[in-house]
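What follows is a short report on a single structure.
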Amino acid sequence: MEAAEYDLAYFRSNGFHRRACVVCGSPFWTLGDHDRCQEAPCRDYGFLGHPVFRRPYALREMREAFLGFFEHRGHTRLRRYPTVARWRNDVFFTQASIYDFQPWVTSGAIPPPANPLTISQPVLRFIDLEEVGRSGRHLTLFEMLAHHAFNRPDHEVYFKERTVELCHELFTAELGAPATGLTYKEEVWEGGGNLGPSLSVGLAGLEVATLVFMEYVRDGERLKPMPLTVVDTGYGLERLVWASQGTRTAYEAVFAGEYDELRRSFPPRETAILIDHARALNFLLTDGVVPSNGKEGYFARLLLRRMLRLLSKVPEAPSLVAILDRSGRELARDYPEIGEHRDDLARVVEAEIERYREALERARQTIRRQDAKYRAEGSRATEEDLLRWYDSLGVPPDVAVEELSQPPAIPEDFYARVAARHESERPTTDYVDASEGFPEVPASVPGTEVLYYLDPYTVAFEAHVVHVDGPFVVLERTYFYPTGGGQVADRGHLGDLEVIDVGRKGPHVLHRLERAAPWHPGDRVRGRIDPRRRTQLMQHHTATHLLNGALREVLGPHVWQAGAHKAPELARIDVTHFRSPSADELRRVDRLINAVVRENRPVKSYFESRTEAERRFGFTLYQGGAVPGKELRIVEIEGFDVEACGGTHCTHTSEVGAIQLVDVERIQDGIVRLSFASGERALELREEHEATLKEAARRLGVPPEKLPEGIDRLLGEVEESRKVAKARTRGDLEGMATSLLADPTRTAAVGPTTIIAATVDLDRAGLTELSRILSRADGRVVLLASEREGKGTLFAGSTASGVSALALIEQSRAVFQAKGGGNPSAATAVGEPGEPLQRALGAAREAARQAAGG
RNA sequence: GGGCACGUAGAUCAGCGGAAGAUCGCUGCUUUCGCAAAGCAGAGGUCGGGGGUUCAAAUCCCCCCGUGUCCA
């Protein structure tokens with residue numbers, strides 16, 4: 001970044017001077033007389049015991065002071081976004097306030113919900129997990145205070161000058177910090193292909209804010225200006241509170257009452273961890289994360305289990321649920337949604353606690369068994385075992401050690417070594433953008449007016465062509481629905497050409513034709529949408545909302561949509577839930593959705609301001625992920641389900657017709673997938689199922705309602721005949737054994753040993769079985785030859801002491817060029833059939849005779 | 001999304017290239033007025049599914065499916 005990027009008129013005209021920090025070397029701007037930037041580690045904390053602001057602020061007061069300050073200066077205050085970034089596929093969690101507006105707002109595809117705006121966004125930083133409680137300031141969840149402005153060439157809100165002015169005024173005039181205490185350090189921010197200058201604001205040793213100016217797109221070595229420049233600021237709410245109070249750690253300042261309560265049972269570090277994790281969990285669980293073994297759910301599990309481990313060491317400590325509840329009540333004062341479903345949240349947590357208990361118990365058993373084994377062989381468990389057990393069984397090393405008679409020392413760097421085990425792993429992403437395969441449209445082409453929102457029933461229309469690119473056509477307006485929101489695209493015709501796909505690229509809807517379009521911008525074309533497909537998709541989409549609403553009703557409000565797909569043949573919805581729904585739960589869901597269909601409730605689709613919609617319906621609106629924009633499209637099934645959704649929907653529930661659940665599966669821990677069909681497709685499926693049922697019944701020769709009994713009878717018969725066959729085979733073998741033993745040409749006694757040698761016609765299993773029967777008594781040597789599929793098998797079995805079946809086989813193997821082996825009591829070789837096999841049998845018999853002492 | 005571990009009798013698990021096992025539970029018999037207990041006998045297994053390697057696979061390799069766990 002060039003120095004000119006930071007050389008602001010604001011700095012110049014207000015007497016700031018530019019210095020270079022003598023410690024880190026970075027240039028910074030300040031009104032004070034500092035030789036170093038005012039951030040750790042370049043200088044020590046100067047606020048401990050000496051608060052830097054006018055007065056101490058509690059968390060709530062500081063948040064209000066910030067948001068109020070910016071509100072009075074023309075910013076619109078926004079409510080927080082969910083902490084789970086469902087609208088993005090590259091991250092799990094909202095890690096900064098700007099995440100709320102990426103990618104659509106920052107890319108310019110969709111206007112911001114307000115401009116400029118201010119927000120306090122709870123964000124998660126799991127990278128700091130180990131530092132929580134240790135550093136005195138780190139948290140897995142903190143609130144990022146921010147003011148954002150989005151500047152288009154035709155509409156400049158504000159950029160660097162005003163941003164710095166606002167920031168400086170906030171800290172000095174509003175909060176009362178000494179103007180000379182602040183330093184604005186020059187830095188470069190880069191992320192997601194964008195970059196720009198940034199200023200890091202230091203005060204008394206704390207980095208209190210970062211002011212980022214997203215300005216350029218990286219294009220190889222060169223930098224190109226962005227069409228939309230963005231002011232991205234971040235102020236750590238908890239740090240500001242801390243600085244205002246000057247307590248020893250940030251936790252004491254931020255969590256005052258809770259901290260003191262838990263401090264009675266726990267040391268400072270554990271207290272901080274428990275409070276931090278409880279706070280993070282309250283947000284995560286409220287926002288629909290169900291603890292699981294992967295993805296975002298794992299982080300909830302991680303926090304929960306860490307808490308459980310700490311709690312297990314202090315018997316008189318409050319329960320996990322009690323701590324969560326205490327924290328939740330505190331949070332609910334500012335974020336009422338967190339207090340709304342306390343019982344449900346407790347149920348999710350209890351289920352998870354039970355799982356952990358079971359997992360640990362299983363693991364302990366495994367370790368105990370391994371320990372017994374080690375003891376038996378005179379060895380002992382190693383550090384490597386501890387690592388492996390943690391990795392594969394989830395047993396923390398201190399727990400594992402409890403089960404070992406001779407435990408190894410727990411390595412100091414245990415968790416670092418766990419990390420090292422995972423180093424070589426390369427995560428892959430196979431995400432496919434819905435608009436992939438669709439070409440870019442020049443920005444000069446006017447955006448498409450989408451009409452399916454307003455009227456999903458119109459399937460024929462006329463419109464002017466505004467852009468053609470081979471088979472891709474953009475119209476001024478269209479009724480064709482592009483793939484999005486889990487709903488596949490419409491099909492149909494433009495003119496005489498078939499529309500094979502429809503996609504959305506920013507403000508444009510692209511129709512993909514079977515071949516290159518013959519039209520030019522300005523031509524008027526007629527569009528016809530395949531009405532059957534459209535109807536089916538509408539039914540499936542509305543049915544998805546019905547199902548989602550019913551699942552929340554029946555299973556609990558922790559249920560969130562975690563994905564959905566609506567195709568003409570079948571639809572599916574993935575929801576968060578901690579176990580497979582029971583048959584009874586599914587039956588209740590089925591009853592409920594079909595009842596709502598029968599009641600023929602209106603399904604209203606309309607646009608409403610984000611603020612108003614969130615006020616009325618809350619965060620559960622964002623089932624398909626948060627949708628940026630000032631206006632949300634709301635799809636409301638009256639009195640049942642409300643979601644922000646851009647899909648095409650029926651206007652009354654009865655249009656959905658029948659809904660048929662097809663399959664329910666747990667696609668991963670914490671996620672349940674329901675496949676279903678509605679409308680015509682549901683009837684078709686029902687017919688298919690019925691036909692299958694009838695056909696099965698016909699083949700079994702029973703009426704359909706007797707099918708289960710019929711199958712039981714059939715299975716019984718199969719089992720019976722299997723037994724009979726087995727008994728018969730066994731009987732046959734018994735008979736063979738008896739006649740062989742009675743046959744003097746095949747049986748020879750050598751002292752106490754009886755040698756039986758015979759050629760039979762049996763498969764491998766038969767030879768083994770016959771040998772077993774023949775060698776029920778001690779002192780038997782059995783030699784069996786058999787030919788099958790052009791190969792000769794020689795089997796030897798022995799219960800005679802001093803006669804090794806394996807030795808007999810080894811001695812006769814060469815005679816018929818056989819391969820084989822075995823053990824002293826049974827051995828096999830396979831080689832040439834016919835005469836060589838017979839000679840081998842003779843050789844083996846001779847060897848047996850000698851071994852038996854004859 | 002990736003790594004690792006695990007799927008063997010109704011349950012808990014052993015076996016980890018050579019003739020499928022243990023414990024509990026189950027059935028029958030003995031003993032008892034009866035129960036419990038004990039003793040004896042017995043039933044119960046396509047060793048998760050599918051390919052491959054091998055004379056021989058529960059065991060080794062590959063691919064699925066399921067479960068657990070750790071890491072992102």
Side-chain angles (χ1 to χ4, degrees), chain A residues 89-93 95 126-127 129 291-299 301-302 305-306 355-356 358-363 365-370 372-373 376 384-397 400 414-431 579-580 665-670 718-719 722-723 726-727 763-776 782 784 786 788-789 791-799 804-806 809-810 813 816-833 837 840:
Chain A
N89 46 50
D90 52 342
V91 291
F92 295 132
F93 302 111
Q95 295 180 57
F126 280 94
I127 195 100
L129 191 65
S292 80
N293 62 5
K295 306 201 173 164
E296 56 269 44
Y298 178 69
F299 293 94
R301 172 167 289 176
L302 186 67
R305 293 189 172 184
R306 278 170 63 101
R355 275 172 168 246
Y356 189 44
E358 283 171 8
L360 266 190
E361 192 38 51
R362 262 197 309 273
Q365 270 185 41
T366 304
I367 292 171
R368 256 177 259 143
R369 274 197 302 273
Q370 185 61 44
K373 206 176 293 180
E384 183 56 30
D385 285 323
L386 292 183
L387 286 166
R388 209 186 61 242
W389 287 330
Y390 177 69
D391 224 9
S392 62
L393 300 173
V395 201
F414 185 83
Y415 290 96
R417 284 167 66 174
V418 170
R421 286 169 74 93
H422 291 275
E423 231 162 37
S424 60
E425 295 159 20
R426 290 256 178 281
T428 54
T429 43
D430 56 351
Y431 171 72
R579 61 163 173 249
S580 284
E665 52 189 335
R666 226 165 66 106
I667 54 166
Q668 58 168 277
D669 194 13
V718 168
E719 179 69 8
R722 210 171 57 90
K723 276 186 191 164
K726 206 171 157 185
D763 62 12
R764 200 177 183 99
L767 292 173
T768 306
E769 194 58 29
L770 177 58
S771 169
R772 277 196 113 160
I773 294 167
L774 286 167
S775 51
R776 265 187 207 138
V782 181
L784 298 170
S786 176
R788 285 269 168 114
E789 290 161 9
K791 282 181 179 164
T793 304
L794 182 62
F795 182 95
S798 170
T799 55
S804 161
L806 180 58
I809 285 298
E810 278 170 351
R813 210 162 44 184
F816 66 131
Q817 276 107 51
K819 288 179 169 180
N823 60 37
S825 57
T828 325
V830 177
E832 298 286 319
L837 174 62

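None of these values were measured; they are calculated from a predicted model. Numbers restart at 1 for each chain; the letters A, B, ... are given by sequence-line order, proteins then strands.
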A:Leu393 side, atom CG; A:Thr366 side, atom OG1 - distance, nearest 0.5 Å: 5.5 Å

Have a look at A:Ala359 and say if it touches a base, only the backbone sugar-phosphate, or nothing, with a 4.0 Å heavy-atom cut-off. sugar-phosphate

Among B:rA19, B:rG2, B:rU69, the nucleotide that comes nearest once only the side chain of A:Phe795 is considered: B:rA19

Nucleic acid footprint by protein, nucleotides 7-18 of chain B - heavy-atom cut-off 4.0 Å, B for base, S for sugar-phosphate alone: -----SSSS--B

For B:rG45, the Watson-Crick or wobble counterpart (both distances under 3.5 Å): none

Which part of the nucleic acid, if any, lies within contact of A:Phe299, taking any heavy atom under 4.0 Å across all strands shown: a base, the sugar-phosphate backbone alone, or nothing? base

Nearest-Å distance once atom C1' is located in both B:rA58 and B:rC24: 23 Å

With a non-hydrogen cut-off below 4.0 angstrom, is A:Gly294 in contact with a base, only sugar-phosphate, or nothing? base

Give the rounded distance in Å between these two atoms: CG of A:Asn293 and C1' of B:rG3. 13 Å

Under 3.5 Å, which donor-acceptor pairs do the side chains of residues 819-828 of chain A form with other protein atoms, sequence neighbours left out?
residue  : atom : partner  : partner atom : Å
A:Asn823 : OD1  : A:Ser825 : N            : 3.0
A:Asn823 : OD1  : A:Ser825 : OG           : 3.0
A:Asn823 : OD1  : A:Ala826 : N            : 2.8
A:Thr828 : OG1  : A:Arg764 : NH2          : 3.2

In whole Å, what separates the P atom of B:rG45 from that of B:rU8? 15 Å

Where each residue is assigned the nucleotide of RNA chain B containing its nearest heavy atom, which of A:Gly797 and A:Tyr356 is assigned the position nearer the 5′ end? A:Gly797

So, taking the atom named CG in A:Asp763 and the one named CZ in A:Arg788, what distance separates them when rounded to the nearest 0.5 Å? 5.5 Å

Say we look at B:rG42 and B:rA56: how far apart would their C1' atoms be, to the nearest angstrom? 31 Å

B:rA36 pairs with, by Watson-Crick or G-U criteria that keep both distances under 3.5 Å: none

Between B:rA72 (C1') and A:Gln95 (CD): distance, integer Å: 11 Å

Roughly how many Å apart are B:rG21 and B:rU30, using the C1' atom of each and rounding to a whole number? 27 Å

For the pair made of NZ in A:Lys819 and P in B:rA56, what is the distance, rounded to whole Å? 9 Å

Say you draw a straight line from CD1 of A:Ile367 to CG of A:Asp385; how long is it, rounded to the nearest 0.5 Å? 9.0 Å

In whole angstroms, how far is the P atom of B:rG68 from the CZ atom of A:Arg579? 14 Å

Taking the P atom in each of B:rA41 and B:rU23, what is the distance between them to the nearest angstrom? 12 Å

B:rC26 to B:rC63 separation - C1' atoms, rounded to the nearest Å: 38 Å

Is the shortest distance from a Lys or Arg side-chain nitrogen in A:Arg355 or A:Asp669 to a carboxylate oxygen in the other one below 4.0 Å? yes

Just the rounded figure in Å: distance from C1' of B:rC55 to CG of A:Leu784. 16 Å

Same-atom distance (P) from B:rC64 to B:rU27, integer angstrom: 44 Å

Taking a pair as Watson-Crick or G-U wobble with both distances under 3.5 Å, which nucleotide is matched to B:rA11? B:rU23

Is there a donor-acceptor pair closer than 3.5 Å between any side-chain N or O of A:Ser392 and the backbone N or O of A:Arg388? yes

I'd like to know if A:Arg368 pairs up with A:Glu361 as an ion pair, taking the criterion as any Lys NZ or Arg NE/NH1/NH2 lying under 4.0 Å from an Asp or Glu carboxylate oxygen. yes

Compare side-chain N and O positions of A:Lys295 against OP1 and OP2 of B:rG1 and report whether any pair is under 4.0 Å apart. yes

Take atom P in B:rC60 and the same atom in B:rU67, then report the distance between them in whole Å. 23 Å

So what does A:Leu302 hit on the nucleic acid, given a heavy-atom distance under 4.0 Å: a base, only sugar-phosphate, or nothing? sugar-phosphate

Remember a base hit wins even if backbone is also touched, and classify A:Thr793 as base, sugar-phosphate or nothing at under 4.0 Å, heavy atoms. nothing

Could you check which nucleotide pairs with B:rU54 in any of the strands shown, counting Watson-Crick or G-U wobble with both distances under 3.5 Å? none

How close or far is atom C1' of B:rC55 from atom CG of A:Leu767, stated in whole angstroms? 13 Å

Base, sugar-phosphate, or nothing: which does A:Arg368 touch, judged by heavy atoms less than 4.0 Å apart? nothing

Separation of A:Glu296 atom CD from B:rC70 atom C1', in whole Å? 17 Å

With a 3.5 angstrom cut-off on both distances, give the Watson-Crick or G-U wobble partner of B:rU59, or none if there isn't one. none

About how many Å separate CG of A:Asp391 and CG of A:Leu386, when rounded to the nearest 0.5 Å? 12.0 Å

Could you measure the distance from the CD atom of A:Gln668 to the CG atom of A:Asn293? Nearest 0.5 Å is fine. 7.0 Å

Interatomic spacing from CZ in A:Phe795 to OG in A:Ser786 - rounded to 0.5 Å: 11.5 Å

Does the salt bridge (charged side-chain N to carboxylate O under 4.0 Å, His left out) test come out yes or no for A:Glu296 and A:Arg301, once each step is laid out? CA-CA 9 Å; A:Glu296 56 269 44; A:Arg301 172 167 289 176; over 6 Å; no

Using nucleotides 4-6 of chain B, report all nitrogen or oxygen pairs with the protein that are shorter than 3.5 Å.
none

B:rA72 C1' sits how many Å from A:Asp90 CG, rounded? 13 Å

Would you kindly compare A:Ser771 and A:Ala829 by the position of their nearest RNA chain B nucleotide and give the one closer to the 5′ end? A:Ser771

Need the pair for B:rG66. Rule: Watson-Crick or G-U wobble, both distances under 3.5 Å, any strand; none if unpaired. B:rC6

Between A:Phe299 and A:Phe126, what is the ring plane arrangement, given parallel below 30°, perpendicular above 60°, and tilted in between? tilted

If you compare every side-chain N and O of A:Arg355 against the phosphate oxygens of B:rG68 (OP1, OP2), does one of them come in below 4.0 Å? yes

